[in-house]
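To start, the structure itself, in structure tokens.
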Amino acid sequence: MTLSAIGAISAALPSFTPRTSDVTGLDGPGPAAASTSSGFAAMLEKGITAVESAQSKADGLAVHAATGDLTDIHDYTIAATQAALVTQLATTIRTKGVDAFNQIMGMQA
């Protein structure tokens, strides 16, 4: 059984390809990042868009359920669960990123 909420995030995050630049890597975005939008910012934007999409779908179905226009309540239940899972996944990824950053900063002290 595949979860479409997790599938939406994994589809929004393309495979990682390291950039090729000079040895220091401090000269700004590499040539690949300049010519395509497959960098970290693009991956982050796609992930946030997937979260917003899942939440807006659940919100729309909630309005339909509240007004009595929703015929199948399980559609709302599924959408709300997917939105909760996507939000939880995004929060977990953010927390892991912050933890990794703090660990790296601790190494420099």
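Predicted, not measured: the structure shown is a model, and the values here were computed from it. Numbering of residues begins at 1 and proceeds along the displayed sequence.
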For Ser53, which residues count as a side-chain contact (heavy atoms from CB on, under 4.5 Å) partner, sequence neighbours excluded? none

Who passes side-chain contact (heavy atoms from CB on, under 4.5 Å) against Gln88, sequence neighbours left out? Leu85, Thr92

Identify, with sequence neighbours excluded, every residue that meets side-chain hydrogen bond (donor to acceptor under 3.5 Å, both in side chains) alongside Thr71. none

About how many Å separate CG of Asp99 and CD1 of Ile104, when rounded to the nearest 0.5 Å? 11.0 Å

Taken in chain and number order and not counting sequence neighbours, the residues that satisfy side-chain contact (heavy atoms from CB on, under 4.5 Å) with Phe101 are Met105

Identify, with sequence neighbours excluded, every residue that meets side-chain hydrogen bond (donor to acceptor under 3.5 Å, both in side chains) alongside Asn102. none

Single-linkage hydrophobic cluster Val98~Leu44, side-chain heavy atoms < 4.5 angstrom: no

Taking side-chain contact (heavy atoms from CB on, under 4.5 Å) as the definition, give me every residue that meets it alongside Thr87, ordered by chain and number, with sequence neighbours left out. Val51, Gln55, Thr91

Which donor-acceptor pairs under 3.5 Å do side chains of residues 57-65 form with protein atoms, sequence neighbours excluded?
none

